[in-house]
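The basis for the numbers below is simple: all heavy atoms, side chains too, and nothing from hydrogens, waters or symmetry mates. Numbering starts at 1 and runs along the sequence shown.
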Amino acid sequence: MPADVLGNQLHGGNAMSRHDAPSASDTRSDPHLGTVVHIVGARQKRPNRPSTGCPFCVGGLEAPEPYDVRSFANRWPALDGDRCEVVLYTSDHDATLPSLGSDGVRSVVDLWAQRTEALGSRDDVDYVLVFENRGLDVGATIAHPHGQIYAYDHVPSRQRRRLDGGWRPDPDPGDRLVTAAGGWSAWVPYAPTYPVSIDVAPDHHVADLPSMSADDRDRLADMLVDVFDRLDRLYDQPLPYMMWLNQRPTTADADAWFNIEIVSPWRSAGVQRFIAAAEVASEEYFNPVVPEELAERLRALR
């Protein structure tokens, strides 16, 4: 099937445009720190854990027809101009990312790549951030398996700092290695902010999702199934997590190395680590979980 036809089927074409969406944001910058803040009052009205009528299940508001994977413009966008999208991983409301298996996750990876390419081709987009929030503890407002995409008109500060710092996969994680297979590795970072933190990256240079080979996408899907299966077995229950994909800016040939960060606020089963005042104030963090011990536990969950 031609890519443009597939794109219309998955994305819903122009019919999914939210013409009635309010102006999304008033972008401000802290005059002393330079921190960018988007004031998005309209998002106060978005649904929060609806008890009936999931909008992402087949027949729901956002999925009137059967689907395998699907994306559409967010009705409550954080950015103006149809630059915020929702990505549905599956029509199965009770699924998890690892339960989709490698083939199911590969379909999600393909949709991520397709939407990155489509959004990145716009003149008003400099960076495409694919991400997911799962679970109440990280603020997910709908339980159905899904992620989101924000298309920024600039390169966000954290991604810019990683690019400027020449981020590369850890060449020797040692006791922090979780797993390695098919040219991809997953490891616990050397100095993680969150109690559970995993980096995933290819061993060879890949800049972004659209430039990945078919084999790269297959191996990435395998790795994500493995890693998220381990994370859900870490405490014998679904782990709340945040995931985001770092990749090349869409408007520059930056020396980027594609990677995924996965973090969870849980420091033990059902116990959330809250970022304390001293940490927020100083931007220096106190992590009670030893990275090498976390990696050892995850390695054992083969």
Pair W167, N246: side-chain N/O donor-acceptor within cut-off below 3.5 Å: no

Examine the side chains of S102 and D218 and answer whether a donor and an acceptor come within less than 3.5 Å of each other. no

Side chain proximity check, [X] to [Y], heavy atoms < 4.5 angstrom:
X    : Y    : result
V263 : V138 : no
Q159 : L129 : yes
Q247 : P210 : yes
D199 : D170 : no

Residue pairs involving [range] (criterion ring-ring contact (aromatic ring centres under 6.0 Å, His included); sequence neighbours excluded):
range            : value
residues 168-200 : none
residues 79-117  : H93-H144
residues 202-254 : H205-W257, F228-Y241

D137/R273 under salt bridge (Lys or Arg N to Asp or Glu O under 4.0 Å): CA gap, chis, key distance, verdict: CA-CA 10 Å; D137 285 356; R273 178 178 110 74; over 6 Å; no

What verdict does the salt bridge (Lys or Arg N to Asp or Glu O under 4.0 Å) test give for R122 and D82, after you've listed the backbone C-alpha separation in whole Å, the side-chain angles of each residue and the deciding distance to 0.1 Å? CA-CA 11 Å; R122 293 173 43 164; D82 279 344; 6.0 Å; no

Quick one: does [X]'s side chain have a donor or acceptor within less than 3.5 Å of a partner on [Y]'s backbone?
X    : Y    : result
R70  : S91  : no
S282 : A278 : yes
E279 : A276 : yes
R134 : L239 : yes
D153 : V125 : no

Sequence-distant partners of T141, side chain to side chain contact (heavy atoms under 4.5 Å, CB included), two or more places apart: R46, N48

Here the pair of heavy atoms bringing P291 nearest to R176 is CB-CD, 4.2 Å

Between I198 and V188, the two heavy atoms sitting closest are CD1-CG2, 3.9 Å

Applying the side-chain contact (heavy atoms from CB on, under 4.5 Å) test to P145, which of T90, L88, L97 qualifies? T90

Please list all pairs passing the side chain to side chain donor-acceptor pair (under 3.5 Å) test where one or both residues lie in residues 284-302, with sequence neighbours left out. none

Does Y150 have any ring-ring contact (aromatic ring centres under 6.0 Å, His included) partners at least two apart in sequence or in another chain, and if so, which? F131

Can D222 and R219 be said to form a salt bridge (Lys or Arg N to Asp or Glu O under 4.0 Å), step by step? CA-CA 5 Å; D222 292 341; R219 301 291 78 80; 3.0 Å; yes

